[in-house]
Amino acid sequence: MDEQPEPARTARGGLDRRAELSEFLRTRRARLKPEDVGLPDFGRRRVPGLRREELAQLAGVSVAYYTRLEQGNGRNVSAEVLDSIAHALRLSDAEHAHLMHLAKPKQHKKKPAARSQQVRPALRHLLDSIESVPAYIVGRRSDILAWNRMASALFGDWAEVPAQERNWARMVFLRPEYRELYLEWEQKASDMVGYLRMDAGCHPDDPRLSALVGELSVKSEDFRRLWAAHDVKEKSYGVKRMRHPLVGELALSFETFRLVDESEQSLITYHAEPGTPSAEALRLLASWGADATRSGTRASAPSE
């Protein structure tokens, strides 16, 4: 068992926003060196990264003010000050947004805890009409809400997974077949944790998210390690390299389309560059459909 701390929770079952803010600022400060920000380095440091007084100097705030913020007290902090601190910490756009969510949380309308996320029928029809590329819809906590036939052929038949377990983080960290599917599994795992971190910043009082983080922290050492890093990431686009048990290696580009009327839902699609072996592999998967899913769970990866 490693020494990574378990996530702090509130009495209502959500994540502790003050603790999240404190740890996020501390880890962002720890990754910077004086030479990264044009400051002189005066000898050995007890802990890695910039000192609080150095960060406060860069942000143009008092040390006491920054210290209170890093201790989780973001009450009454202005957006301008947060912008200055984000600039001093060299935060990415996603990290900047995460800082704002933690320090100045928006008030969300309360939703019944047991209410499930719903996908509009028209969106389900759209998925069914996309026949040549894998596509699916994810919601809050990266829950898998709907998918098409090609997604089943590529990722496995999610219809056979209990509804409460249809979650990307659960798949990546708790199912061995996904470690084999992704050639760069560590990057996929890091991405998933980054997505959950962003979600936690927006919805720290979500008890289901807190329960998911708690479960994964108990069951996966890799998750505990990545969660403790406090890295955040927005779903966007990129390329994933996979090794499917039936068609071998694929390099697939993915795109994320946020649904306007359902701000917590996104449509994700995967496609291959025309004329490549990956495109031919997708064509084969499309021809096999559900048979590829059933056979793929039993087949070994093809030899090279």
Side-chain angles (χ1 to χ4, degrees), residues 4-5 7-8 15-41 45 47-106 108 140-142 169 186-206 209 213 223 225-238 256 258 263-264 266:
Q4 300 293 352
L15 296 171
D16 188 332
R17 184 182 58 81
R18 292 188 58 167
E20 292 292 308
L21 174 60
S22 176
E23 285 299 300
F24 179 68
L25 286 173
R26 185 187 61 78
T27 55
R28 298 313 89 178
R29 180 169 58 85
R31 71 182 182 181
L32 289 176
K33 299 177 182 178
E35 55 266 32
D36 295 334
V37 294
L39 292 177
D41 187 2
R45 294 169 181 253
V47 294
L50 296 180
R51 299 185 177 97
R52 284 177 175 171
E53 54 267 29
E54 292 171 329
L55 197 285
Q57 175 187 346
L58 289 170
V61 299
S62 71
V63 176
Y65 189 100
Y66 177 76
T67 298
R68 288 196 299 272
L69 184 62
E70 193 172 289
Q71 289 172 344
N73 186 4
R75 185 179 304 172
N76 299 325
V77 63
S78 69
E80 291 75 18
V81 168
L82 291 175
D83 288 344
S84 296
I85 290 173
H87 179 73
L89 288 170
R90 306 297 196 266
L91 299 188
S92 67
D93 290 344
E95 290 171 331
H96 192 168
H98 185 62
L99 173 61
M100 296 295 290
H101 291 151
L102 293 175
K104 298 180 74 66
K106 295 180 180 179
H108 297 278
R140 189 188 296 184
R141 303 174 294 271
S142 291
E186 180 75 16
Q187 183 59 56
K188 176 64 176 179
S190 178
D191 289 346
M192 286 310 312
V193 173
Y195 302 153
L196 287 183
R197 274 283 179 202
M198 285 296 293
D199 213 353
C202 295
H203 305 283
D205 296 328
D206 183 350
L209 176 58
V213 170
F223 181 85
R225 169 177 55 84
L226 292 169
W227 185 258
H230 283 263
D231 292 333
V232 296
K233 187 171 185 179
E234 290 271 21
K235 297 182 181 72
S236 57
Y237 60 91
T256 301
R258 296 192 179 279
S263 60
E264 296 174 353
S266 298

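For this chain, numbers begin at 1 and follow the sequence in order.
Side-chain N or O atoms of S22 include none that pairs as donor or acceptor with a backbone N or O of G72 at under 3.5 Å.
We find that R29 and E23 are not joined by a salt bridge, their nearest charged nitrogen and carboxylate oxygen being 4.0 Å or further apart.
At least one side-chain heavy atom of K235 sits less than 4.5 Å from a side-chain heavy atom of S142. Side-chain contact check for L55 versus L25: every heavy-atom pair is 4.5 Å or farther apart. Contact check for P204 versus E20: no side-chain heavy atoms found under the 4.5 Å cut-off. With contacts defined as side-chain heavy-atom distances shorter than 4.5 Å, the pair D191/Y195 qualifies. With contacts defined as side-chain heavy-atom distances shorter than 4.5 Å, the pair H230/H98 does not qualify. W227 places a side-chain heavy atom less than 4.5 Å from the side chain of V213. Between L21 and L69, some side-chain heavy-atom pair lies under the 4.5 Å cut-off. You'll find the side chain of F24 stays beyond 4.5 Å of the side chain of L89, heavy atoms only.
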Applying side chain to side chain contact (heavy atoms under 4.5 Å, CB included), run through R28 and L91 and close with a yes or a no. CA-CA 8 Å; R28 298 313 89 178; L91 299 188; 3.7 Å; yes

Between R26 and E70, does a salt bridge (Lys or Arg N to Asp or Glu O under 4.0 Å) hold up when you go through it step by step? CA-CA 7 Å; R26 185 187 61 78; E70 193 172 289; over 6 Å; no

One pair to check against salt bridge (Lys or Arg N to Asp or Glu O under 4.0 Å): D231 and R197. What are the steps and the verdict? CA-CA 7 Å; D231 292 333; R197 274 283 179 202; over 6 Å; no

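In this structure, OH on Y66 lies 10.5 Å from CG on L58, to the nearest 0.5 angstrom. The CZ atom of R90 sits 13.5 Å away from the OG atom of S92 when rounded to the nearest 0.5 Å. To the nearest 0.5 Å, atoms CZ (R18) and CG (N73) are separated by 5.0 Å. Rounded to the nearest 0.5 Å, atoms OG (S266) and CD (E234) are 9.0 Å apart. Note: L82 CG to H96 NE2 = 7.0 Å, rounded to the nearest 0.5 Å. With rounding to the nearest 0.5 Å, the separation of CG in L39 from NZ in K33 is 14.5 Å.
Considering all non-hydrogen atoms of both residues, V37 and A88 come closest at CG1-O, 4.2 Å. The nearest pair of heavy atoms linking G201 to H101 is O-CB, 3.3 Å. L226 and S190 get closest at one heavy-atom pair: CD1-N, 3.9 Å. Minimum heavy-atom separation, V232 to M198: CB-SD, 3.7 Å.
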